[in-house]
Every structure is written in C-alpha cells, then in structure tokens.
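Notes for the one structure printed next.
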Amino acid sequence: MPILLQNQVIGAISETLEKVNESGQLSIGTIPSPMVEPPKRPEWGDFSCNIAMTLASTVRQSPLKVAEVLATNLLDHFPYLFERIEVAPPGFLNLTLHPLRWIEVLRMIEEQGSSYGRSQIGAGTRVVLEFVSANPTGPLHVGHGRGAALGQAMASLLAASSFEVSREFYINDSGRQLQLLGRSVYARYLELLGMESSFPEDGYHGGYIKTIAESIAKIHGETLLESPLDQAEEKCAQEASQFLLDRIKEDLGIFGVNFETWYSEASLHSRGMVERTLDELRKRDLSKEEDGALWFRASEFGDEKDRVLKKQDGSYTYLAADMAYHRDKLARGFDTLINIWGADHHGYIPRMAATVQAFGYPKDSLRVVLVQMVSLLRGTQKIEMSKRSGEFVTLREVVDEVGADAAKFFFLMRRSDTQLDFDLELAKQQSSDNPVYYVQYAHARISSMFRVAQERQVSLPKIADVNPSLLIHDEELGLIKTLAQYPFVLEGSALALEPHRVTFYLQDLAAQLHAYYNKHRVLPPLDSTLTIDDKTQEGALETIEKEVGSENEPVNDILTPAVTAARLALLRQVQTVLRNGLTLLGITSPEKM
RNA sequence: GCGCCCGUAGCUCAGUUGGAUAGAGCAUCGGCCUUCUAAGCCGGUGGUCGCAGGUUCGAUUCCUGCCGGGCGCGCCA
C-alpha cells in the first residue's frame, strides 16, 4: 500500500520527533502529531510545518532553535526524501522534496484510477443523510434542487471517505399541508364540473393543481360528489400527493439524485411509533402535561423552551412525528444523523439536538447543514418567485434549460449557507466564463489530445515507462502537486460536509491544465522537421532548462518521443482526477465538446 | 427584545479548522490561433479582511461588545 507523499513527510517528522526526544536533543514529552501543508509561496518549499512553533514553549527553547534541530535530523535520517529543508522565522520548517519523488503521485493515481482520493477516515461510521424531503404538495423548485445536488454530492463524498451512507427522503404525507392539498384539488375538481366551490384561502394556487384535478375527473368522473366532503377531499389528497411524489421521484431521477429510503411520516403514525416515542419520553420523565397539552422538556437539553407534542385537541404536532422519526433513525443503528435543511428551519435545530440527547445519544450525533436560498437570474434580471401565487421556477424547468451538469455545478459552487445567485444565461454559455464548461473542457481537451495521439500512432505510456526527470517544468510539478492534494481536499470536504471545496479544487486544476496546454506542446507538430530533435535525453533536458521565450508564447520545448510520453502520462493522471472529482459531484466528464 | 447565519477587490465569492507578503472569477484595459479543441492562454488595474477591544510567538480565522444585512422566534409544517 503506497503512502501519500504528504503522509510520508508527516511520518518522517513524527519519527524525528521521537528520535530527538530519545537522544535528549529536545525534551518533548508526549509527541504531538505534526501538521504539514503546502505553503502559499513556491519559495517556501513543497510543504511547510509549524511544529517547531507549537513545541517551543514545552521544550523551553526558541522556535528557531527547535526548527534547526529538526531540520538537521530530518536531513540526516531521510536523505532520500528531502532535497533541502530551510528554517524560516519565526520557526517554520520549509521542506523541499527531491523533484523525482513526485512521480510517485502519478504512479499512485495510475494504480488507483477511479478510487484515487478515497480515504479510510470515515472508518465505517454509519451515516443517514436526509435531504430534499419536500412536501408532496407541489413540484420541486430550484431551492430543492440545491439541496438535492448538495445531498447527492455529500453522500458520494462521505462514501468515498469510508463512511457507510444511506440517503433518505422523509415524506410529509400526513397533517395539515396534505389536507390543504386535498381541499385545493377538490375545489378545482368542483370547478371543472361547473359547480360552485370555495377555494381555500391559503390553498395551493399552482397550475399543477388544476392538472391533477383534471386527471381525477377523468378517472373518477362525478363519483366523488357522492362521497361526504371530507372523504372526497381525503381521496383528492391521497391521489394528488401520490401523483406529486411520483413526479418528485421522476424529477430527482432525471437530475441524477437517488435515495435508498423513502420514509413515510404517515407510516410512523400507523405503526404506533409516535405513541411509543411519547411513552419513552414519559418513562424518562422528559414530558409533562400542562394547559391540557403534552410537552417535551426540551429546555433540559439547551432548547430555549419546552415544546408541545400533543395539542389540546389531542392531535400530534409535527415535532412529535419528527422526534419519532429521529428516534427511529438512531434505533436503526446509525451513528450520525445528517440533515440538510432550508436555512429558514434553523430555529428548529435546538429542538432536534434536544431530541437525540433525550434518547440518550450525544448531541453531535446530529449534524444539520443549512442551505440558503437560490435567486434565479437571467443575466442581471432577477426572476421573481412566489410560493403564494404558485409562480415559482421548478427544478425541472431549470434542468431542461441549462442541463443537469450545469445546474449541479452551479448549486455546488458556493458554500451552502450563503445565498446563491444562479444565472441561467451564464449556465448555458459555452465559454470560459462558465465554470462548468471550463472544467469539463479541460477533461475533453485531454481526451482530444489522446485521440490525436492515437491517430498519429503515438501510444499512451505507463508511468513506469516514463523518465521522471522529464517532468520538471514548474507547470508540471505544479500540476502534480495539485493532484497530490486531491485526497486531502476530499478528506477535508467530507469532514466539513462542504462539497463546494471540490468544485473550487476542480476549477483550480482545470486552470492549471489549460495554462500548461497553452505553454507546452505535448504532441509533436505535424510538420515534424521543425522541432523534433533526436538528441539524447540529457541534451534535451539541458535545452529545456535553459528555455527562453516570452510569457505568452508557447515555449519551444525539445519534444523527444520520451518527453511526449512523459507529458501524455501526466495528462492521463490529470484527466483521472478531473473525472473522479466531477463524478463525485454527479457531473459527467465529456470526451468531446 | 432573544437566537442563528453572514459582512474579504467595483460585482460574485474562496481562504486548507490559528500561520509567513490575503487569493480566484466577472467587469475593465492591452496582447496571443497556418502545428495537440481560442468552450483556451498571458499581462495590467483593483484591499483599513464591517468597527473597536481581547486571547498569543502569530488573528481574515478564536472570544467579547458595537454597526450593517438576512432568517427564525406557533398547541404551523
């Protein structure tokens, strides 16, 4: 099992700490685990480490002195790893690897392919990820789309980090909203039959209600009129919500978002789980009767007040069902519950945090990710949406217009807790202004080069057949270092539940690829008398190192077949990482654009 | 009033959980296609990281208080 270069460096530092501790050069006591990161500036080396500064006070020596000791020991013990180590004030350790070591990164990517970037950090932790959970009272709108894209990406991210993830959609198929849906549909149904009807004040006004009423009229004719009002409305509610749920599933399917479990709120009631939940609370003395209602003592777990579970009229609150639902998630053996919610639900978090604690689980077994609103723009023109009037842009419409790839990328471009401006025109645009095309183009561009290579009978080499000393340009080492960071980006992204980091990473990698493409040729030009040179590799190297040429012109590299081979091999790994990242986000990697 | 989130270039936003001289994209100005996809590249302009304290070797990052913006504070879901 190969070890990531960065972890080799950390290992080397750890070992060195132990050695200098044993030898008495520094009396450290318990050895801390060092951190290493790629520094901002290239002159600070490949990795920088701040361990000397954090250690300074415990070993009672100046940070610079500590750094010096570590630097000399590291160089002594790991000469094959480090080319040089510099100590920079106030105590940074700036480590530079032997340039030839970087080929290991490429070898690892080639070996691991689509699993490059996976980590064990989740250690099999069982996670249930609940997202979208839209009421089946209308079609999905763009806001749901953001939640859907986010949840799907997060699920992939967690799965790639060895979490055991189950995606779940909670269906609010009982209660007042559903009743309202039934009444709205029934009212439209009556209208269709030319009868007097009173449309509910706060009912659903969207045009889809009429469509549903029409299909109900088609199936049932006038038979609903024979039933009592509440039964007829109930019937409408059932059929409408089933229809809408099917539509939601269809929309999500088209968008490439899937769930292991569709969890019905109504089933909680029918299975008596709400009642059992209240029993348990009673047993734990976490509920109370007051003012003719039953309350959950949420304030005992940090919520600002107690919450009603069962109303005066004997019906359950939404919270009661939700507590039963979360209790069931825990009972099913999940270690961590992750909920993706609209930001307007943030006031609900303390209640749910209290819930998991009430059932004896640690507070942090619940993690809530809040998603802020999406504003749709057409250029600079904002598209007004109003749920009240039923005029909102559906996810389906957006996907139809800009495509699933662009929609997902845009949804994942920002941190979820900041408001998102989604410009439909930009998402459709085929230029470098449009980040999704920019990244996909990098992938397609590499494919294109491979196609040309094949046409010219240039074969794609294995990393093992590549001379690492031919990949020594800044752009090449820069690309490799960026590739080396990918596993750490995934890891951080998974732990923080922030898929947008992957989006930014991909844009960065694509930018480096495009720059490299413009600066360095990979395949020899067709007119091969111009620059192909049959010098030895050493000779070629010297020429490359002395390269001249203005910044914006391609450098006249000496393109020996070996150089072409090395570059093709590098590009192959760049393409793998681009594809891995895009796949993780649920976005396709086109071979041709 | 209380609680949560946010405040970084003209605009939209990153900033690797406390690191060194704070970065992208857009916009704007100027360059680069007879050779691997110009859906691309190179360069210029642009900053009191909302303000004031505190914590320490070190703060855009953590703490406190203000200022400004968004949202939430139902026996609604």
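Hydrogens, waters and symmetry mates play no part in the numbers below; they use all other heavy atoms, side chains included. The sequence lines fix the lettering, A, B, ..., with proteins before strands; numbering per chain opens at 1.
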Show me the donor-acceptor pairs within less than 3.5 Å that the side chains of residues 341-354 of chain A make with the rest of the protein, sequence neighbours left out.
residue  : atom : partner  : partner atom : Å
A:His346 : ND1  : A:Ala343 : O            : 3.0
A:Tyr348 : OH   : A:Asp322 : OD2          : 3.2

Just call it for A:Gln177: base, sugar-phosphate, or nothing, with non-hydrogen atoms closer than 4.0 Å on any strand.
-> sugar-phosphate

NA contact type, A:Arg307, heavy-atom cut-off 4.0 Å: base, sugar-phosphate, or nothing?
-> nothing

Check every strand shown and say whether A:Lys305 touches a base, only sugar-phosphate, or nothing at a heavy-atom separation below 4.0 Å.
-> sugar-phosphate

Nucleotide N/O of nucleotides 67-71 of chain B paired with protein N/O under 3.5 Å:
residue : atom : partner  : partner atom : Å
B:C71   : O2   : A:His346 : NE2          : 3.4

Please tabulate, one pair per line, each protein N/O and nucleotide N/O from nucleotides 54-63 of chain B that are separated by under 3.5 Å, including the distance.
none

What is the nucleic acid contact for A:Phe488, judged by heavy atoms within less than 4.0 Å: base, sugar-phosphate only, or nothing?
-> nothing

Could you tell me whether A:Tyr517 contacts a base, only the sugar-phosphate backbone, or nothing, with contacts defined as non-hydrogen atoms closer than 4.0 Å?
-> base

Would you indicate what A:Arg41 reaches in the nucleic acid, counting non-hydrogen atoms under 4.0 angstrom: base, sugar-phosphate, or nothing?
-> base

Does A:Phe450 have any ring pair (Phe, Tyr, Trp, His ring centres under 6.0 Å) partners at least two apart in sequence or in another chain, and if so, which?
-> none

Contact class for A:Ala56 vs. all strands (heavy atom < 4.0 Å): base, sugar-phosphate, or nothing?
-> nothing

RNA chain B in dot-bracket, Watson-Crick or G-U pairs under 3.5 Å, [ ] crossing, | other strand?
-> (((((((..((((.....[...)))).(((((.......))))).....(((((..]....))))))))))))....

Is A:Phe504 touching bases, backbone alone, or none of the nucleic acid, heavy atoms closer than 4.0 Å?
-> sugar-phosphate

With heavy atoms under 4.0 Å as the rule, sort A:Ser315 into base, sugar-phosphate or nothing.
-> nothing

Can you check nucleotides 46-48 of chain B for protein contacts, nitrogen or oxygen pairs under 3.5 Å, and list what you find?
none

Among B:A77, B:C36, B:G15, the one nearest any side-chain atom of A:Leu523 is B:C36

Using a 4.0 Å heavy-atom cut-off across all strands, classify A:Asn135 as base, sugar-phosphate, or nothing.
-> sugar-phosphate

When all nucleic acid strands are considered with a 4.0 Å heavy-atom cut-off, which category describes A:Ala515: base, sugar-phosphate, or nothing?
-> sugar-phosphate

